[in-house]
Every structure is written in C-alpha cells, then in structure tokens.
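Below: one structure, written as structure tokens.
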Amino acid sequence: MVIREPETLADVSKTAPPVDLSVVVPVYNEVENLDALQGELLDALEPSGLNYEIIYVNDGSRDGSAARLTEFASQTDGVIFVNLRRNFGQTAALAAGIDYASGEVVVLMDADLQNDPADIQALLDKLDEGYDVVSGWRRSRKDRFLTRRLPSILANGLISRVTGVQLHDYGCTLKAYRHEVLKEVRLYGEMHRFTPVFAAAAGARITEMVVNHRPRIAGVSKYGLERTLKVILDLITVKFLLSYRTRPMYLFGTAGFALMGGGLLSILGALIQRFAFNVHLNRSPLLQLAAMLFGLGVQSVLLGLTTELVVRTYFESQHKPIYIVREVVRKGE
C-alpha cells in the first residue's frame, strides 16, 4: 500500500528513488474529474520517456475522492497517494506534495481538469531554455468575468506592482519548478500563489507561458470573491518579508519618525494659534494630537527594536544565512 501518514512524509521522501519529474495534484472533492484526469496525465507523461511520479494529495475530501485515489495508487506504477487527515487548504496540500516529491522538476496543477496535462511537456521545454520557474498564463480563461476574471486581473496587477515580479496570472496553479528552487521556499497560510515571488527572492530565473484553460465540466469551484481580501492581506505579509525581513527597523523606524514629525507640526500649529490668534493651548486640539502622534511614534520605534531582536534570534538560532548561493566554482572542480 502506498498511502502514507502525513508525519512520515519527510522520512519517506529521503529514501524514495530520484525521478526526473514529479507532478503534484491537490484534490478536494473532485471525484467526478479524477478518472479523466488520471487518463490525461498518463497520456501526457508516458510518451515523454521521463521517469515520473504523480502525487495526488487528498485535502480532506468527503465525496469519495480518497477511495478512488487509493485505487490509482494501488494499481498504477508511479502514482503516489498522500491522504491528509482533514482539510488543511490548498497551500498545505501543495506543500505536502512538494515535500513528498523526489523529482528534479516539480509541476503543480489543479485536479478540476481546467489545467491541461498536455501543457506539461511545453513547460518542461521552457525550463530547458535556462529558467528555474515557468508559470502558466491562462490568457483565454474560461471563467465568469465579474466574479473570477476581473478580480484576478486586478489582483495580478497589484501583486506584480508591489513585488516587482511581473506575471499575468499568479492564480494559475499550473507551474513548473526546479526542485532546488522549491527547497528555498516555505509555504504557510494561503501563500501558494506567491511561490514565484519567493522563488525570485531566492534568485530563481522566472518566465511565463500561455497555457490552455478549459471550462469546468464537473464539480464546483472552491473559490469565490471572499478570497480577494485574503490576497491583499497576504500581499502585505509578502511585501514585508521581501523588503524588511532582515531590516524591520527601517519600516517601523521610518513610520515612527514620520509620526513624531507630525507631532512636531501639530505643536507648531498650536503655537501659531496661541500667538497669532490668541487661542489658548488648552483649547487647541492640536496639542492633544501632538501628544498622540509622539506616543505612537515612540511605540513604533520600540516595536522596530523588538522586531529586530526577533529577526536576529530567528536567523542566528537556526544558523540561517541572509544570502543564498547559486553555485561555487573552484579550480580543478
């Protein structure tokens, strides 16, 4: 039996034989699509001549998906079934699949048949041009405009502007990564859509290519407009991690000095009112505003100092470097 408990994934991944390609597919209540997906994946991968594995991660499905995936893994070579104890979310399911993957290249894709397995070979060919990450772009997306496509367009533009990583479609799960790049990425919360951003921060060479996007023919979408707020909140976290992870005082200190500067201007305004218009200080709201701004400014600076200590503890206690080396070249090696 190839089903593994989640706590054994790391140990098993160390002993699994290396393969060329790992395809990771998170599954949540997609039993109606699984047979067609399995057939299309095998049709796409077998002619490649690669040593591949297909890793299905069941994220707490309640519709019979687990039973069907058990049959796939029990009857087909190269198919691995990872069954999570409950629904942890897409990011956790992808992280589990990545941890279990042993391929030099890892391809991520959805189980709803909207991603086309036939695009996998094109992604691999693009990687061979010297890239570390190839991101799918659903240019002709087959989803509703107001509830899916429009929010996605706005979110993609915002993410690209804030992070500096220019991609048209962060929400497309279909992406190919060199496994060595994913080793530098840790996924938490709902951060899977930002994986290319974290990879770019680790020095990965990223490109995108147009992929086929098909209309959903069975099952229902698990996402709606409610995820827009989550994307914005996650983007704030990502921006902080990218720009201020090793220097948080620059963020909090700047904000603190700005607040204290506002306090000084408020005091100046109160003095002008006192001497130019004979308004007593105890009657001016500017004096109260100055006290509040000064207090907030001092707190912000102190928060920056505290965060600096936390960051230094994080890096130094785990002996984490603040840099990532791509390669080292020495004479004779």
Side-chain angles (χ1 to χ4, degrees), residues 24-30 32-33 36-37 40 59 87-95 107-120 122-123 126 131 133-177 185 187-201 204 206-243:
V24 175
V25 186
V27 178
Y28 179 60
N29 293 339
E30 295 287 358
E32 297 169 297
N33 294 315
L37 175 62
E40 290 190 27
D59 187 25
N87 177 246
F88 289 90
Q90 188 177 12
T91 298
L94 288 170
V107 171
L108 311 179
M109 65 179 299
D110 287 328
D112 56 12
L113 288 178
Q114 291 194 266
N115 292 150
D116 190 348
D119 286 325
I120 293 177
L123 293 173
K126 197 70 175 177
Y131 296 103
V133 179
V134 180
S135 179
W137 173 16
R138 300 166 295 180
R139 184 161 60 185
S140 300
R141 186 171 175 179
K142 304 301 189 296
D143 284 321
R144 294 179 179 178
F145 180 76
L146 287 179
T147 59
R148 299 296 299 278
R149 290 165 55 195
L150 179 59
S152 179
I153 292 171
L154 297 176
N156 289 322
L158 180 62
I159 295 171
S160 294
R161 183 175 182 83
V162 171
T163 64
V165 180
Q166 302 296 321
L167 294 177
H168 289 89
D169 194 356
Y170 276 92
C172 181
T173 304
L174 185 58
K175 294 179 173 65
Y177 299 85
V185 177
L187 299 178
Y188 300 95
E190 294 294 327
M191 294 286 190
H192 63 274
R193 63 178 56 85
F194 297 106
T195 305
V197 176
F198 293 124
I206 299 176
T207 189
E208 64 181 344
M209 60 171 287
V210 176
V211 295
N212 185 27
H213 189 246
R214 305 181 294 191
R216 178 183 275 274
I217 59 176
V220 295
S221 174
K222 313 304 186 298
Y223 304 101
L225 287 174
E226 70 279 357
R227 68 175 178 172
T228 303
L229 177 59
K230 296 178 181 179
V231 171
I232 295 175
L233 295 174
D234 286 341
L235 182 58
I236 295 173
T237 302
V238 169
K239 180 60 178 176
F240 175 79
L241 291 175
L242 291 179
S243 301

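As a basis for the values below, the full set of heavy atoms in this structure was taken, side chains included, without hydrogen atoms, waters or symmetry mates. Predicted model, so just to flag it, every value in this text is computed and none were measured.
Using a 4.0 Å cut-off between charged nitrogen and carboxylate oxygen, R216 and E32 do not count as a salt-bridge pair.
Side chains of N156 and S152: a donor-acceptor N/O pair is present below 3.5 angstrom, by distance only.
Contact record, L174 with D116: CD2-O, 4.2 Å, taken as the closest heavy-atom pair. Between H213 and Q114 the shortest heavy-atom distance is CE1-NE2, 3.2 Å. Nearest heavy-atom pair, R214 versus P117, reported as atom, atom and distance to 0.1 Å: NH2-CD, 3.6 Å. Residue V27 comes nearest to A111 through the heavy atom pair CG2-CB, 3.9 Å, listed as atom of the first residue, atom of the second, then distance. Nearest heavy-atom pair across I159 and T163 is O-OG1, 2.7 Å. A pairwise comparison of heavy atoms in F198 and L241 identifies CE2-CD1, 4.2 Å as the closest pair.
Annotation: the span from W137 atom CH2 to E208 atom CD amounts to 6.0 Å, rounded to 0.5 Å. One distance of note links NZ of K142 with CD1 of I217; it measures 14.0 Å at 0.5 Å rounding. Rounding to the nearest 0.5 Å gives a distance of 5.5 Å between CD of Q90 and CG of D110. Atom-to-atom distance recorded for L235:CG and M191:CE is 9.0 Å, nearest 0.5 angstrom. Taken to the nearest 0.5 Å, the CG atom of L158 stands 9.0 Å off from the CZ atom of R161. Here the straight-line distance linking atom SG of C172 with atom CZ of R193 works out to 12.5 Å at 0.5 Å rounding.
L123 is not listed as a side-chain neighbour of M109, based on a closest heavy-atom distance of 4.5 Å or more. L108 has its side chain out of reach of T195: every pair of non-hydrogen atoms, C-beta onward, lies at least 4.5 Å apart. Residues Y177 and V185 have side chains not in contact (no heavy-atom distance under 4.5 Å, counting atoms from C-beta outward).
Using cut-offs of 30° and 60° on the angle between ring planes, the pair Y170 and F194 is tilted.
The closest donor-acceptor contact from the side chain of D59 to the backbone of Y28 lies at 3.5 Å or more, if one exists at all. Within the 3.5 Å criterion, the main-chain N or O of L113 finds no donor-acceptor partner in the side chain of N33. Here the side chain of Q166 pairs a donor or acceptor atom with the backbone of S160 at under 3.5 angstrom.
For D234, there are no salt bridge (Lys or Arg N to Asp or Glu O under 4.0 Å) partners at least two apart in sequence or on another chain.
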